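Comments concern the structure below.
Computed over heavy atoms, backbone and side chain alike; hydrogens, waters and symmetry mates excluded. For the single chain, residues carry numbers from 1 onward in sequence order. Counting starts at 1 for both ligands and their atoms, following the listed order. Bear in mind that the values here come from a model prediction, so they are computed numbers and not experimental data.
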Amino acid sequence: MKPLHNTRKYRLFQGQRDLVRAYCAVADLGLVGGFKLTGWALWRRMLRRVLRLQDQMFDRRHTIQTEGDVELNHLKALHGDPKHSAGYEPMHVAQFPHLMATIPEDLNDFTFIDFGAGKGRAVLLAARYPFKKAIGVEFSEDLCHRMRDNIASYSNGPRLCPDIEVACADATTFELPPTPCVLFFFNPFNKPILIQVARNIHTSYSANPRTIYIVFLNPKESNGAEDVFGQYPEMTKVSTKLERPPFSIISPWRGIVYRMGK
Ligand SMILES: C[S@@+](CC[C@H](N)C(=O)[O-])C[C@H]1O[C@@H](n2cnc3c(N)ncnc32)[C@H](O)[C@@H]1O
């Protein structure tokens, strides 16, 4: 059966809903304000389609399958308590180069770690850069299987990182390697888990001071990432690039970047 959102009836309904929304916007905000708001909403919708198309092409081109959200209650064989977790939703491929542009480092000594790696899209994108190692930490065994399959079948693309690992574990139990690191979070869990993960990062840093970047996508909806990381004086906010254009134009989510060490 065709998914509901692909049917003609649904599209017609959406079109009618857009017209009503545009009418209300003009009635509330006047002609200029109404057109601005409507234009912005249309731009966001068009953008989402383009980003998804590019994501689908990424999967097809590299013979992998990272598309397809998985709701939290459909995730199987979990290695931790899902109470404060999010389900699977992959980042957009187009966002990744923007994240990397906030890290002005020679990456050869760095390990990239995706906390809540899902099917491994961000890990595979990181493996196109010369990181020493890329690790995907994921607490659902099903998603770990998928990530392993994806890593094995990835083809037709650059792979400058020689070592990719899947760590099937709860993020709170994962121990950082002693190398400089880039830690990536795309809205994996809420504050209670983040507090524990931030504590682990801080403990690892105190035992072995080194450069650690924390790239956090979608901080607002993730319940206070800024509160959590902001309370450690060693974690300094280093880039606001992900909070403003061009990133904020192409991305439905905002990001923040912290650095520890030199
Ligand atoms: C929004 S998805 C992000 C996927 C991936 N990072 C990307 O950008 O494509 C969040 C992922 O975090 C995982 N997750 C949630 N809580 C977790 C936890 N406590 N430990 C490890 N992974 C977790 C979920 O299973 C899900 O795959």
Side-chain angles (χ1 to χ4, degrees), residues 51-52 54-56 58-59 62 64-100 112-129 131 134-151 154 164-176 181-201 213-223 225 228 242 247 250-257:
L51 290 173
R52 283 216 56 206
Q54 195 182 3
D55 294 343
Q56 287 162 359
F58 176 74
D59 274 11
H62 301 298
I64 54 176
Q65 195 265 308
T66 59
E67 272 288 274
D69 298 0
V70 185
E71 281 177 29
L72 187 62
N73 55 357
H74 289 145
L75 290 180
K76 306 246 169 54
L78 300 180
H79 282 262
D81 182 357
K83 194 165 151 205
H84 299 289
S85 296
Y88 175 68
E89 179 188 0
M91 70 176 302
H92 292 301
V93 172
Q95 293 172 317
F96 203 79
H98 293 268
L99 308 187
M100 292 306 299
F112 176 92
I113 300 163
D114 182 5
F115 281 88
K119 299 180 187 178
R121 180 179 288 175
V123 174
L124 284 166
L125 287 166
R128 300 164 128 199
Y129 292 79
F131 281 107
I135 306 176
V137 183
E138 171 55 53
F139 80 157
S140 152
E141 291 226 9
D142 281 2
L143 291 178
C144 286
H145 272 302
R146 168 60 60 194
M147 184 165 23
R148 281 193 197 98
D149 285 351
N150 282 333
I151 293 166
Y154 178 86
I164 309 180
E165 182 186 319
V166 175
C168 205
D170 188 284
T172 55
T173 64
F174 180 77
E175 243 180 71
L176 291 192
C181 293
V182 173
L183 312 180
F184 175 58
F185 298 81
F186 168 38
N187 200 25
F189 30 68
N190 288 336
K191 210 167 170 180
I193 300 188
L194 203 56
I195 289 173
Q196 184 55 51
V197 172
R199 209 175 284 148
N200 297 348
I201 296 170
Y213 283 88
I214 299 169
V215 181
F216 207 105
L217 211 55
N218 209 12
K220 294 239 164 60
E221 285 173 26
S222 303
N223 260 341
V228 176
L242 305 180
F247 189 74
I250 69 126
S251 172
W253 311 298
R254 298 288 172 277
I256 38 174
V257 182

Partner residues of His98 under the ring pair (Phe, Tyr, Trp, His ring centres under 6.0 Å) criterion, sequence neighbours left out: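 With sequence neighbours excluded, His98 shows a ring pair (Phe, Tyr, Trp, His ring centres under 6.0 Å) to Phe247, given in chain and number order.
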Any residue meeting ring pair (Phe, Tyr, Trp, His ring centres under 6.0 Å) with Tyr129, in chain and number order, not counting sequence neighbours: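 For Tyr129, the residues satisfying ring pair (Phe, Tyr, Trp, His ring centres under 6.0 Å) (neighbours in sequence not counted) are Phe96.
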Side chain or backbone, does [X] bring an N or O within less than 3.5 Å of an N or O on ligand 1?
| X | result |
| --- | --- |
| Ala117 | no |
| Glu138 | yes |
| Pro90 | no |
| Asp114 | yes |
| Phe189 | no |

[atom] - nearest protein heavy atom and its distance:
| atom | value |
| --- | --- |
| atom 7 (C) of ligand 1 | Met91 N, 3.6 Å |
| atom 20 (N) of ligand 1 | Ala171 N, 2.9 Å |
| atom 16 (N) of ligand 1 | Ser85 OG, 2.8 Å |

At the 4.0 Å heavy-atom cut-off, does [X] count as touching ligand 1?
| X | result |
| --- | --- |
| Pro82 | no |
| Gly87 | yes |
| Gly80 | no |
| Ser140 | no |

Under-4.0 Å heavy-atom contact with ligand 1, by part of Leu143 that carries it: side chain
Pair [X], [Y]: side-chain N/O donor-acceptor within cut-off below 3.5 Å:
| X | Y | value |
| --- | --- | --- |
| His92 | Gln54 | no |
| Asp170 | Thr172 | yes |
| Tyr88 | Arg146 | no |

Closer than 4.0 Å to some heavy atom of [X] - which atoms of ligand 1 meet that?
| X | result |
| --- | --- |
| Asp170 | 19 (N), 20 (N) |
| Pro188 | 10 (C), 12 (O), 15 (C), 16 (N) |
| Glu89 | 1 (C), 2 (S), 3 (C), 4 (C) |
| Gly118 | 27 (O) |
| Asn187 | 1 (C) |
| Gly116 | 3 (C), 4 (C), 5 (C), 6 (N), 10 (C), 11 (C), 12 (O), 13 (C), 22 (N) |
| Ala86 | 15 (C), 24 (C) |
| Leu75 | 25 (O) |

Residues Arg121, Asp114; criterion salt bridge (Lys or Arg N to Asp or Glu O under 4.0 Å); working and verdict: CA-CA 10 Å; Arg121 180 179 288 175; Asp114 182 5; over 6 Å; no
Chi angles and distances behind the side-chain contact (heavy atoms from CB on, under 4.5 Å) call for Arg148, Cys168: CA-CA 10 Å; Arg148 281 193 197 98; Cys168 205; 4.2 Å; yes
Stepwise side-chain contact (heavy atoms from CB on, under 4.5 Å) check, Leu99 with Phe184: CA-CA 9 Å; Leu99 308 187; Phe184 175 58; 3.4 Å; yes
side-chain contact (heavy atoms from CB on, under 4.5 Å) assessment of Leu78 paired with Leu75: CA-CA 7 Å; Leu78 300 180; Leu75 290 180; 3.8 Å; yes
Test: Glu138 and Lys119 ion pair at under 4.0 Å: no
From Phe174, Trp253, Phe139, Phe186 - option closest to atom 22 (N) of ligand 1 by heavy atom: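 It is Phe139 that holds the nearest heavy atom.
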Parallel, tilted or perpendicular: ring planes of Phe185 versus Phe115, cut at 30 and 60 degrees: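 Plane angle under 30°, so parallel.
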Criterion side-chain contact (heavy atoms from CB on, under 4.5 Å) on Leu242 and Phe216, from CA distance to verdict: CA-CA 9 Å; Leu242 305 180; Phe216 207 105; over 6 Å; no
